[in-house]
2 protein chains.
Amino acid sequence: MKDGPDIARIAALIGDPARANMLMALMEGGALTATELAQIAGVTPQTASAHQARLAEGGLIRQRKQGRHRYAELASPQVAAVLQALMGLAAASGHLRQRPGPRDADLRRARICYDHLAGEMGTQMFDALLARGHLIRRDEELDLSEEGAAFAREFLGSDPEPQSRAPLCRECLDWSERRSHLAGRLGRAMLARMIALGWARRVEDSRVICFTGEGERQFQALFSS
Amino acid sequence: MKDGPDIARIAALIGDPARANMLMALMEGGALTATELAQIAGVTPQTASAHQARLAEGGLIRQRKQGRHRYAELASPQVAAVLQALMGLAAASGHLRQRPGPRDADLRRARICYDHLAGEMGTQMFDALLARGHLIRRDEELDLSEEGAAFAREFLGSDPEPQSRAPLCRECLDWSERRSHLAGRLGRAMLARMIALGWARRVEDSRVICFTGEGERQFQALFSS
DNA sequence: ATAATGTTACGACTATCATCGAAATATGAA
DNA sequence: TTCATATTTCGATGATAGTCGTAACATTAT
């Protein structure tokens, strides 16, 4: 009966918390499988699959079937633009979230954000790398300096997934700290290395990352400002 | 459990058809009352009032109470940006709407768009006024020229609601024609005058505007290109 | 004061849909 | 093949919330 584009249909698709979380995860630019999205959204794979189908039908994501996996990625930059606008509005509305951040103290301290380190320790590492000139910000882009590359090679033992075409360094807004932490291939590799070194481990069925006493010491030695 | 701004809450607010229609109407920039929004959204005043309250609580609109009316307007340009992005995506998705315009032929011919004339005849009138220099477009604004003002005075018999501070002329996107028609105080006055002259009448319980044979003739005499 | 109109509050009904358990299907690994 | 993993289908359940009728409240008009 009304005229105008069907904006409600699309908004309703984004309006479900689970789907919104899935889309936010896809905002990073990568392609994720249904089970990965399920973990991120905190639902079972079945529901995630259903959501994925609805999002695809609504034209918000594209699906690439590859082997027994079904990867999902944002359908177009316009979708990202909508999400970006929504994030801006949500942040400006003060409606950052009912709880201004993860409520658990452990979650606020150190947690996993999809695949990299977030929380107080995440922002601390990010700030330290930036202060030392290992990371360089240039117009919305984040680059690794010469010294930064050397540091990463030494710490990681190798280059992080050199074959991937996902960005090496990316800023990711930390909503408990309201500041940035490091995402991208380097962010993922850094966290993986810390776990491999025994500095920290993931807590079962939670996003909490628990550092050992020794791990905390080493971390502070490396990233104290 | 998740981090990030609460984008789902806001999207869910826009996700309801009634609320989406209300917001789209407010996109014009004006302030509308609850009953006006109810008519536009096709719901009863009670539900419109409830929706208005939820939109205000969600920070999408601001309310100004004035006498026994409660005017609603978009809270910020950021809200408009979100709606704009959604419209762009919806249009690009081909999801213009299940039906690309009002399905009824009569609706496509001439209908009421809130308070002014829309449809083929609406765009025809708009184009004619523009072609003759009665209306002048200057950077997104729409103004009435000297000749246009004279024409309006003659046709209307008086100036349209000179006391109001709403814009006199405004462009309104016509989604069955995908072109502009005339809104604003002048658009409202023009339609009211045509009805007063007996050229046309509203069809009960519909948005259709039915022109008489003589009314159609007069209309074509005035606004043929 | 009385009536008329705009708005809001309450209560109830209803439909939509998100969610999950169980099971089926598809693909890859051994 | 047989087993394991990823994904999808089906059915059922449960909760959210959109809707309206009735009525109260607020404000303006007569």
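Computation of the quantities below employed the complete heavy-atom set of this structure, encompassing side-chain atoms and omitting hydrogens, waters and symmetry-equivalent molecules. In what follows, chains are A, B, ... by sequence order, proteins preceding strands, each numbered from 1.
A donor and an acceptor atom sit less than 3.5 Å apart, one in the side chain of A:Arg68 and one in the base of D:dT5.
A:Ala50 comes within 4.0 angstrom of no nucleic acid atom, judged by non-hydrogen atoms across all strands. Residue-level contact check: B:Thr35 touches the backbone only, with heavy atoms under 4.0 Å from sugar-phosphate atoms and none from bases.
Applying the 4.0 Å criterion to OP1 and OP2 of D:dT27, one finds that B:Arg70 has every side-chain N and O outside that range. For the OP1/OP2 pair of C:dT8 and a distance below 4.0 Å, the side-chain nitrogens and oxygens of B:Ser49 include at least one atom meeting the criterion. Contact check, A:Thr44 against C:dT19: no side-chain N or O comes under 4.0 Å of OP1 or OP2. Residue B:His51 places none of its side-chain N or O atoms closer than 4.0 Å to OP1 or OP2 of D:dA17.
Going from atom CG of B:Asp16 over to atom P of D:dT16 covers 17 Å, rounded to whole Å. Atom CZ in B:Arg54 sits about 16 Å away from atom C1' in C:dT8, given to the nearest Å. Remark: C1' of D:dT8 and CG of A:Leu37 are 15 Å apart, rounded to the nearest angstrom. If you take CE of B:Met22 and P of C:dT7, they are 11 Å apart, rounded to a whole angstrom. In this structure, B:Lys65 places its NZ atom 15 Å from P of D:dC25, rounding to the nearest Å. Atom-to-atom, CG of B:Leu32 to C1' of C:dG6 comes out at 15 Å; the value is rounded to the nearest Å. Atom CG of A:Leu13 and atom C1' of C:dT16 are 14 Å apart (whole Å). Taking atom CG on A:Leu55 and atom P on D:dT7, their separation rounds to 15 Å, with Å as the unit.
Among the nucleotides D:dT22, C:dT19, C:dG6, the one closest to any side-chain atom of A:Val43 is C:dT19. Taking the side chain of B:Gln46 as heavy atoms from C-beta on, and the options C:dT7, D:dT7, D:dC20, the nearest nucleotide is D:dC20.
Remark on DNA chain C: of its neighbouring residues B:Gln52 and A:Arg19, the 5'-side contact belongs to B:Gln52, judged by nearest-heavy-atom nucleotide.
For the 3.5 Å distance criterion, the side chains of B:Glu214 and B:Thr212 fail to qualify, holding no donor opposite an acceptor. Defined by atom type and a distance below 3.5 Å, a donor-acceptor pair is missing between the side-chain atoms of A:Ser76 and A:Gln78.
Between the side chain of A:Arg19 and the backbone N or O of A:His51 there is no donor-acceptor pair closer than 3.5 Å. Side chain of A:Gln63 to backbone of A:Arg70: no donor-acceptor contact under 3.5 angstrom is found.
No side-chain heavy atom of B:Met194 sits under 4.5 Å from any side-chain heavy atom of B:Met121.
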